[in-house]
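Structure, as structure tokens:
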Amino acid sequence: PAGREPEAVLAVTEIVGGVAGLAGPRLQTVLMRSIDVVLSFPVLLLAIALLSVAQPSATTITLIIGVSFGAYLTRLVFSQVASLKTREYV
């Protein structure tokens, strides 16, 4: 249904961060480097570039903002999962 884009972006960013935190070094490197590429662009520049290619609509703008800021959430989830993965549990 319409209006579910923010939840979908949130779910994808959490899944990517969790998988990267639990995965082996090769997949972890690939996933986190792709997030680094997204983070290397300023959000406004990325939004303008993607909107020039895609048709401007509320859905497109929501997805662009979600992907741009979701990269920060992915980094956060990754670091937390990787930290928990290395802890010693008794």
Side-chain angles (χ1 to χ4, degrees):
R4 294 283 191 198
E5 296 86 9
E7 291 91 356
V9 170
L10 181 66
V12 169
T13 57
E14 289 176 352
I15 290 170
V16 170
V19 167
L22 292 173
R26 194 173 269 181
L27 181 60
Q28 177 180 342
T29 301
V30 169
L31 290 174
M32 295 321 302
R33 291 301 164 238
S34 64
I35 296 301
D36 288 342
V37 168
V38 173
L39 289 172
S40 68
F41 292 103
V43 174
L44 187 59
L45 180 63
L46 184 65
I48 290 171
L50 291 175
L51 280 174
S52 68
V53 175
Q55 180 181 2
S57 67
T59 302
T60 307
I61 293 170
T62 303
L63 290 175
I64 290 171
I65 292 171
V67 167
S68 300
F69 289 110
Y72 295 104
L73 178 62
T74 302
R75 263 283 173 210
L76 183 66
V77 171
F78 163 73
S79 63
Q80 289 297 314
V81 170
S83 170
L84 289 172
K85 180 180 163 184
T86 59
R87 285 191 187 172
E88 207 173 298
Y89 290 99
V90 177

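For reference, positions follow the sequence shown, starting with 1. Only this structure's heavy atoms are used, side chains among them; waters, hydrogens and symmetry mates stay out.
Ile48 and Leu50 fall into different hydrophobic clusters, where Ile, Leu, Val, Met, Phe, Trp and Tyr side chains are chained together by heavy-atom contacts under 4.5 Å. Phe69 and Leu10 are assigned to two separate hydrophobic clusters, defined by single-linkage of ILVMFWY side chains at heavy-atom distances under 4.5 Å. Hydrophobic cluster membership is shared by Val37 and Tyr72, with clusters built from Ile, Leu, Val, Met, Phe, Trp and Tyr side chains linked at under 4.5 angstrom. Under the 4.5 Å side-chain heavy-atom criterion for Ile, Leu, Val, Met, Phe, Trp and Tyr, Leu44 and Ile61 are members of distinct hydrophobic clusters. Side-chain heavy atoms closer than 4.5 Å link hydrophobic residues (I, L, V, M, F, W, Y) into clusters, and following such links, possibly through other members, connects Val19 to Val12.
Heavy atoms only, all atoms of each residue included: Leu31 and Val16 are closest at CD1-O, 4.1 Å. Here the shortest heavy-atom pairing between Met32 and Ala20 reads SD-CB, 3.6 Å. Scanning all heavy atoms of the two residues, the minimum distance from Ser68 to Leu46 falls at OG-CD2, 3.5 Å. Of all heavy-atom pairs spanning Val38 and Ala71, the tightest one is CG1-CB, 3.9 Å.
Note that CD1 of Ile64 and OG1 of Thr60 are 6.0 Å apart. Values are rounded to the nearest 0.5 Å. Within the model, atoms CG of Leu84 and CG of Leu22 stand 9.5 Å from one another, a figure rounded to the nearest 0.5 Å. From Leu73, atom CG reaches atom CZ of Phe78 across 13.5 Å, with rounding to the nearest 0.5 Å.
Heavy atoms from other residues, nucleotides or ligands lying under 6.0 Å from CD of Gln55 number 12 at most.
Residue pairs meeting the side-chain hydrogen bond (donor to acceptor under 3.5 Å, both in side chains) criterion with at least one member in residues 29-53, sequence neighbours excluded, are Arg33-Asp36, Asp36-Arg75.
Taking 4.5 Å as the limit, every side-chain heavy atom of Thr13 sits out of range of all side-chain heavy atoms of Val77.
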